[in-house]
Student: 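Got a structure here, written out as structure tokens. Questions coming.
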Amino acid sequence: MAKSKFEYVRDFEADDTCLPHCWVVVRLDGRNFHRFAEKHNFAKPNDSRALQLMTKCAQTVMEELEDIVIAYGQSDEYSFVFRRKSNWFKRRASKFMTLVASQFASSYVFYWRDYFEDQPLLYPPGFDGRVVLYPSNQTLKDYLSWRQADCKWHSVTVQVKLPNLYINATDLIQGHINNLYNTVFWALVQQSGLTPVQAQERLKGTLAGDKNEILFSQFHINYNDEPQMYRKGTVLVWQKVDEVRTQEVRLPVEMEGQRMTVTRTRTRPVPLHSDLIGDAFWKEHPDILSGEN
Ligand SMILES: Nc1nc2c(ncn2[C@@H]2O[C@H](COP(=O)(O)OP(=O)(O)OP(=O)(O)O)[C@@H](O)[C@H]2O)c(=O)[nH]1
Ligand SMILES: [Mg+2]
Ligand SMILES: [Mg+2]
């Protein structure tokens, strides 16, 4: 067929092929989730329903799309790592990013009711996406460590956005304000009725041990029992799992129509709350970074 005279406009499309051999990371982040969390009554500082829904969406992304070897999520964000040699959509960044974002967002709405039974979805949430390339295993590991180190910060933002609350910069820099800080902070505000400023005053200058002591003696909370999910975020890795299901199976004529329990081994994205900072995780899962990646 002869080319139309309009064909030349194709040349305006920019080439966004991801550099070969690099890890391709797509990170999504909820748009204005500070507001979204408020409107949907998320528990503070961590809402397990919200975190589990995020993980369900990330599992769907991994199952539906190609070549994702690991994902990591915390707060309102998830990162997806495509294998180095992936040639999915000829490595076009826009394809990776838009397919991840749209699959994730539609899953968020689709599965909402399964996690928020009594809380209607009030408006459609959105997610922004970006693509970042990492040229070596070390830079990829450092990227994931960076996101995990950030895990403790998300609840800081919950606080920073409260009106009239001043946060001491030294505390921030030294990491004194973290998930432990927030757990005590919110226990003081929500359970003891302190104002945010009073709670902040109460915690000024306290060390980790002091905060643990307040939690334990005043609120009977053992911080170490707090779910790992809150502190470490969620890593999704492919693992073999046995799935048991009841189904019709082909049987001799006399037994036709009977249902039987069948166990199948499937490879699924399984959530872990492991430490990605340090070598232990990578030694336990050597195949993620090596192999035919
Ligand atoms: N209460 C509560 N809030 C959460 C939880 N997870 C995330 N959030 C909220 O989501 C926000 C995520 O932070 P950001 O992604 O930096 O900010 P954002 O408001 O989403 O704004 P943009 O990402 O810039 O659009 C946090 O500051 C919290 O307000 C949760 O488990 N509980
Ligand atoms: Mg956000
Ligand atoms: Mg965020």
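Keep in mind that what you see is a predicted model, and the values were worked out from it rather than measured.
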Student: When you check the side-chain N and O atoms of Trp282 and Asn137, is any donor under 3.5 Å from an acceptor?
Tutor: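 Asn137 and Trp282 do not have a side-chain donor-acceptor pair below 3.5 Å.
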Student: Hydrophobic clusters here meaning ILVMFWY residues chained together by side-chain heavy-atom distances under 4.5 Å, can you tell me if Val109 and Tyr115 are in one?
Tutor: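 Yes, Val109 and Tyr115 fall within the same hydrophobic cluster.
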Student: For the pair Trp88 and Phe82, name the ring-plane relationship: parallel under 30°, tilted 30 to 60°, perpendicular over 60°.
Tutor: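 Aromatic pair Trp88/Phe82 classed parallel.
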Student: Check whether any side-chain N or O of Asp47 sits under 3.5 Å from a backbone N or O of Ala43 as a donor-acceptor pair, and report yes or no.
Tutor: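 Yes, because the side chain of Asp47 sits within donor-acceptor range (under 3.5 Å) of the backbone of Ala43.
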Student: Checking Ser136 now: which residues fulfil side-chain hydrogen bond (donor to acceptor under 3.5 Å, both in side chains) with it, not counting sequence neighbours?
Tutor: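 Listed in chain order: Thr139.
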Student: Kindly write out the residues that satisfy side-chain hydrogen bond (donor to acceptor under 3.5 Å, both in side chains) with Asp142, not counting sequence neighbours, or none if the list is empty.
Tutor: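 In terms of side-chain hydrogen bond (donor to acceptor under 3.5 Å, both in side chains), with neighbours along the sequence ignored, Asp142 is linked to Gln138.
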Student: When the side chains of residues 61-72 are checked against the rest of the protein, which donor-acceptor pairs come out under 3.5 Å, sequence neighbours left out?
Tutor:
unit_1, atom_1, unit_2, atom_2, d
Glu63, OE1, Arg268, NH1, 3.0
Glu63, OE2, Arg268, NH1, 3.2
Asp67, OD1, Arg83, NE, 3.2
Asp67, OD2, Ser86, OG, 2.6
Tyr72, OH, Lys232, O, 2.8

Student: Once the angle between the rings of Phe116 and Trp112 is folded into 0 to 90°, is it parallel (under 30°), tilted (30 to 60°) or perpendicular (over 60°)?
Tutor: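 Plane angle under 30°, so parallel.
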Student: Which residues pass the side chain to side chain contact (heavy atoms under 4.5 Å, CB included) test with Asn41, not counting sequence neighbours?
Tutor: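 With sequence neighbours excluded, Asn41 shows a side chain to side chain contact (heavy atoms under 4.5 Å, CB included) to Gln119, given in chain and number order.
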Student: For Ser217, give me all partners under side chain to side chain contact (heavy atoms under 4.5 Å, CB included), at least two apart in sequence or on another chain.
Tutor: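 Side chain to side chain contact (heavy atoms under 4.5 Å, CB included) check on Ser217 returns Glu213.
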Student: Would you call the rings of Phe36 and Phe42 parallel, tilted or perpendicular, where under 30° means parallel and over 60° means perpendicular?
Tutor: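 Aromatic pair Phe36/Phe42 classed perpendicular.
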Student: Kindly write out the residues that satisfy salt bridge (Lys or Arg N to Asp or Glu O under 4.0 Å) with Glu13, not counting sequence neighbours, or none if the list is empty.
Tutor: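 Salt bridge (Lys or Arg N to Asp or Glu O under 4.0 Å) list for Glu13, sorted by chain: empty.
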Student: Which atom pairs, donor and acceptor, lie under 3.5 Å between side-chain atoms of residues 187-197 and protein residues at least two apart or in another chain?
Tutor:
unit_1, atom_1, unit_2, atom_2, d
Thr195, OG1, Gln198, N, 3.1
Thr195, OG1, Gln198, OE1, 3.3

Student: List for me each residue that meets side chain to side chain contact (heavy atoms under 4.5 Å, CB included) alongside Lys283, sequence neighbours excluded, and say none if there are none.
Tutor: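 Result, side chain to side chain contact (heavy atoms under 4.5 Å, CB included) vs Lys283: Asp279.
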Student: Could you tell me whether a side-chain N or O of Arg84 sits under 3.5 Å from a main-chain N or O of Pro135, the two making a donor and an acceptor?
Tutor: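 At least one qualifying donor-acceptor pair exists.
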Student: Run the side-chain hydrogen bond (donor to acceptor under 3.5 Å, both in side chains) test against Gln52 and tell me which residues pass, sequence neighbours left out.
Tutor: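 Listed in chain order: nothing, the list is empty.
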Student: Do the side chains of Leu215 and Thr183 get nearer than 4.5 Å, heavy atoms only?
Tutor: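 Answer yes - side chains close enough.
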Student: Run the side-chain hydrogen bond (donor to acceptor under 3.5 Å, both in side chains) test against Arg91 and tell me which residues pass, sequence neighbours left out.
Tutor: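 Expected list: none.
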Student: In terms of heavy-atom contacts, does CZ of Arg266 have more than 12 from other residues, nucleotides or ligands at under 6.0 Å?
Tutor: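 Yes - once you tally the heavy atoms of other residues, nucleotides and ligands closer than 6.0 Å, there are more than 12.
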Student: Please say whether more than 12 non-hydrogen atoms of neighbouring residues, nucleotides or ligands are located less than 6.0 Å from CD in Glu7.
Tutor: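 Result for CD/Glu7: enclosed.
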Student: Keeping the roles fixed (side chain from Ser274, backbone from Leu276), state whether a donor-acceptor pair exists under 3.5 Å.
Tutor: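 No, the answer is negative, given that no donor and acceptor are paired below the 3.5 Å cut-off.
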Student: Report yes if some heavy atom in the side chain of Leu289 is under 4.5 Å from a heavy atom in the side chain of Lys141; otherwise report no.
Tutor: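 Heavy-atom side-chain distance check passes, below 4.5 Å.
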Student: Does Thr55 have any side chain to side chain contact (heavy atoms under 4.5 Å, CB included) partners at least two apart in sequence or in another chain, and if so, which?
Tutor: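 Side chain to side chain contact (heavy atoms under 4.5 Å, CB included) list for Thr55, sorted by chain: Gln59, Tyr78, Thr234, Leu236, Pro271.
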Student: Using links of under 4.5 Å between side-chain heavy atoms of ILVMFWY residues, direct or through other members, which residues join Val9 in one cluster?
Tutor: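 Tyr8, Phe12, listed by chain and number.
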Student: Salt bridge or not for Glu38 and Arg35, using N-O below 4.0 Å?
Tutor: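 Salt bridge: no.
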